[in-house]
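Since the structure is predicted, the reported quantities are computational estimates derived from the model, not experimental observations.
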Amino acid sequence: MERGLIWLPLLVLFFGLAWAGWNEFRKVDAYQGWAKGFDRAKYDILSVLGQRGDRLVWGKPSRTGVLEMQEFSLKEVTAMEVQVNGHGINEAYPPKTSRTVSLCFYRGDEGPILVPFTEISLALKWAQALRSLDPETGLPKQVSPNS
């Protein structure tokens, strides 16, 4: 009887971990179906982000799909920065650690759009990739051979 009571917490822990793994698998599976229609997409536990041409779509991942989806055009964006702990950073020298990371899009008089990320490096890569796009077409900017 005592041995059974000792193993019971481990059995509960095992089932809890199995459920958490299945839950995350379902989120990733739903994301993969959602991401097929985008030129570039990212998934992490905080948000999903997709870019198709000059349109950005983002929301929260769930087992049933993407929740609280928002969409905007890169044509509307006047500025973009990576924020760590609520403050803009020098992207050449990013901090090593953070509590919160987000890619912040400013659109004129409207409030900023904050897309959460789990890693600073991933947010910096997205910022660099989006800056390299022509906001009118959403395609990479053409580099002239003279520049």
Q. What distance separates Phe72 CZ from Leu56 CG, expressed to the nearest 0.5 Å?
A. 4.5 Å
(Q) Could you measure the distance from the CD1 atom of Ile113 to the CG atom of Leu103? Nearest 0.5 Å is fine. (A) 10.5 Å
Q: Indicate the atoms forming the closest heavy-atom contact of Val66 with Gly59, along with that distance.
A: CG1-CA, 3.7 Å
Q. Does Asp39 pair with Arg52 as a salt bridge, N-O distance under 4.0 Å?
A. no
Q: Return yes when atom CD of Gln70 has more than 12 non-hydrogen atoms of other residues, nucleotides or ligands closer than 6.0 Å, and no otherwise.
A: yes
Q. Centre of Trp126's six-membered ring, under 6.0 Å away, within 45 degrees of the axis: is that where NZ or CZ of Arg40 sits?
A. yes
Q.
How long is the straight-line distance from CH2 of Trp22 back to CZ of Arg63, given to the nearest 0.5 Å?
A. 10.0 Å
Q: Mark yes or no for whether Ser47, through its side chain, and Val115, through its backbone, hold a donor-acceptor pair below 3.5 Å.
A: no
Q. Ion pair present between Asp44 and Lys42, side-chain N to carboxylate O less than 4.0 angstrom?
A. yes
Q) Roughly how far apart are Leu130 CG and Leu49 CG, rounded to 0.5 Å? A) 7.0 Å
Q. Sub-3.5 Å donor-acceptor pair from the side chain of Ser62 to the main-chain atoms of Gly65, do we have one?
A. yes
**Q.** Donor-acceptor side-chain pairing of Glu81 and Tyr106 below 3.5 angstrom
**A.** yes
Q.
Within this structure, what is the CG-OG1 distance for the pair Asn85 and Thr100, rounded to the nearest 0.5 Å?
A. 4.5 Å
Q) So, the side chain of Glu24 versus the backbone of Arg26: is there a donor-acceptor pair under 3.5 Å, distance only? A) no
**Q.** Atom pair NZ (Lys75) and CZ (Arg107), whose distance is rounded to the nearest 0.5 Å
**A.** 14.5 Å
